[in-house]
Amino acid sequence: MSDNVVTFEEQLNKNGSLIFTNVGFSMLPMLREGKDIIHVKRYCGGGLKKYDVVLFVRPQVSGRGHYVLHRILKENSDGSYWIVGDNNTAGENVSPECIIGVLDSFVHNGKNIKVSSLTYRLYVLLWCAPYHLRFFVLRFSGRVKRFYKRRIRRLKGNK
């Protein structure tokens, strides 16, 4: 590795914020891989609430940790947070010490969307708040897609 590789933590400590594009599909439909631009502010402790999107480091057994951007769905009694991606049905407990940043805004389809905007709050209300309903929607849509793929293969004669 090059000596001039800068970690997200170093960038946040130096500038107070970080701008990047995401990798992965866990925050769909809000954030699309490699298309949307994300603006994260440094997390200095305290003040997190339900539905905040946080950047945290998932510790690895060996080497550097893995950066993850997911949404807080609940604060646990021990002070940790239950965090889930918008396109995920499973979550994980994350301690506040692992959190390094909080989503401030993002650019989606050329529009800058602040987390305080009405558009964003409606998205949270309709997609994130009914988490248990989302669980069934994601599971059901996956089954429907698989069913139609199998039917199309059969119609084409590819069993």
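Any value given below was found using the heavy atoms of this structure, including those in side chains, with hydrogens, waters and symmetry copies removed.
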Can you tell me how far apart [atom1] ([X]) and [atom2] ([Y]) are? Round to the nearest 0.5 Å.
X: Leu73; Y: Ile83; atom1: CG; atom2: CD1; value: 9.0 Å
X: Cys128; Y: Asp86; atom1: SG; atom2: CG; value: 4.0 Å
X: Leu18; Y: Leu12; atom1: CG; atom2: CG; value: 5.0 Å
X: Leu55; Y: Leu103; atom1: CG; atom2: CG; value: 9.5 Å
X: Ile113; Y: Ile37; atom1: CD1; atom2: CD1; value: 12.0 Å
X: Glu33; Y: Leu28; atom1: CD; atom2: CG; value: 8.5 Å

Exercise for review: Ignoring hydrogens and angles, tell me if any N or O in the side chain of Trp82 forms a donor-acceptor pair with the backbone of Ile72 under 3.5 Å.
Suggested key: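 A pair under 3.5 Å: no.
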Review point. Within the distance-only criterion (no hydrogens, no angle test), does the side chain of His108 pair as donor or acceptor with the backbone N or O of Met30 below 3.5 angstrom?
Key: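 A pair under 3.5 Å: yes.
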Transitive ILVMFWY side-chain link [X] to [Y], under 4.5 Å:
X: Leu31; Y: Val124; answer: yes
X: Met27; Y: Tyr123; answer: yes
X: Tyr51; Y: Val102; answer: no
X: Val68; Y: Val115; answer: no
X: Val94; Y: Leu48; answer: yes

Check your understanding: Ring centroid separation for Tyr43 and Phe56, is it under 6.0 angstrom?
Key ->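 No.
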Exercise for review: Decide yes or no for Val53 and His70: does some side-chain heavy atom of the first lie under 4.5 Å from some side-chain heavy atom of the second?
Suggested key: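 No, their side chains stay 4.5 Å or more apart.
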**Study point:** 4.5 Å side-chain heavy-atom contact, Thr21 and Ile38
**Key:**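 No. Closest side-chain heavy atoms not under 4.5 Å.
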Exercise for review: Please lay out, stage by stage, how Arg71 and Val84 fare under the test side-chain contact (heavy atoms from CB on, under 4.5 Å).
Suggested key: CA-CA 5 Å; Arg71 186 177 307 280; Val84 180; over 6 Å; no
Exercise for review: Kindly write out the residues that satisfy ring-ring contact (aromatic ring centres under 6.0 Å, His included) with Tyr120, not counting sequence neighbours, or none if the list is empty.
Suggested key: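 ring-ring contact (aromatic ring centres under 6.0 Å, His included) list for Tyr120, sorted by chain: empty.
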Exercise for review: Kindly write out the residues that satisfy ring-ring contact (aromatic ring centres under 6.0 Å, His included) with Phe25, not counting sequence neighbours, or none if the list is empty.
Suggested key: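 Residues passing ring-ring contact (aromatic ring centres under 6.0 Å, His included) with Phe25: none at all.
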Practice item. Take Arg58 and Glu92, measure what side-chain contact (heavy atoms from CB on, under 4.5 Å) needs, and give me the verdict at the end. Key: CA-CA 10 Å; Arg58 183 181 290 149; Glu92 61 190 297; 2.5 Å; yes
Distance alone, cut at 3.5 Å: any donor-acceptor contact between the side chains of [X] and [Y]?
X: Asp52; Y: Tyr81; result: no
X: Tyr67; Y: Glu9; result: yes
X: Asn109; Y: Arg32; result: yes
X: Asn76; Y: Asn93; result: yes
X: Ser80; Y: Asp78; result: yes

Exercise for review: Could you tell me whether Lys14 atom NZ has more than 12 heavy atoms of other residues or ligands within 6.0 Å of it?
Suggested key: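 No - once you tally the heavy atoms of other residues, nucleotides and ligands closer than 6.0 Å, there are 12 at most.
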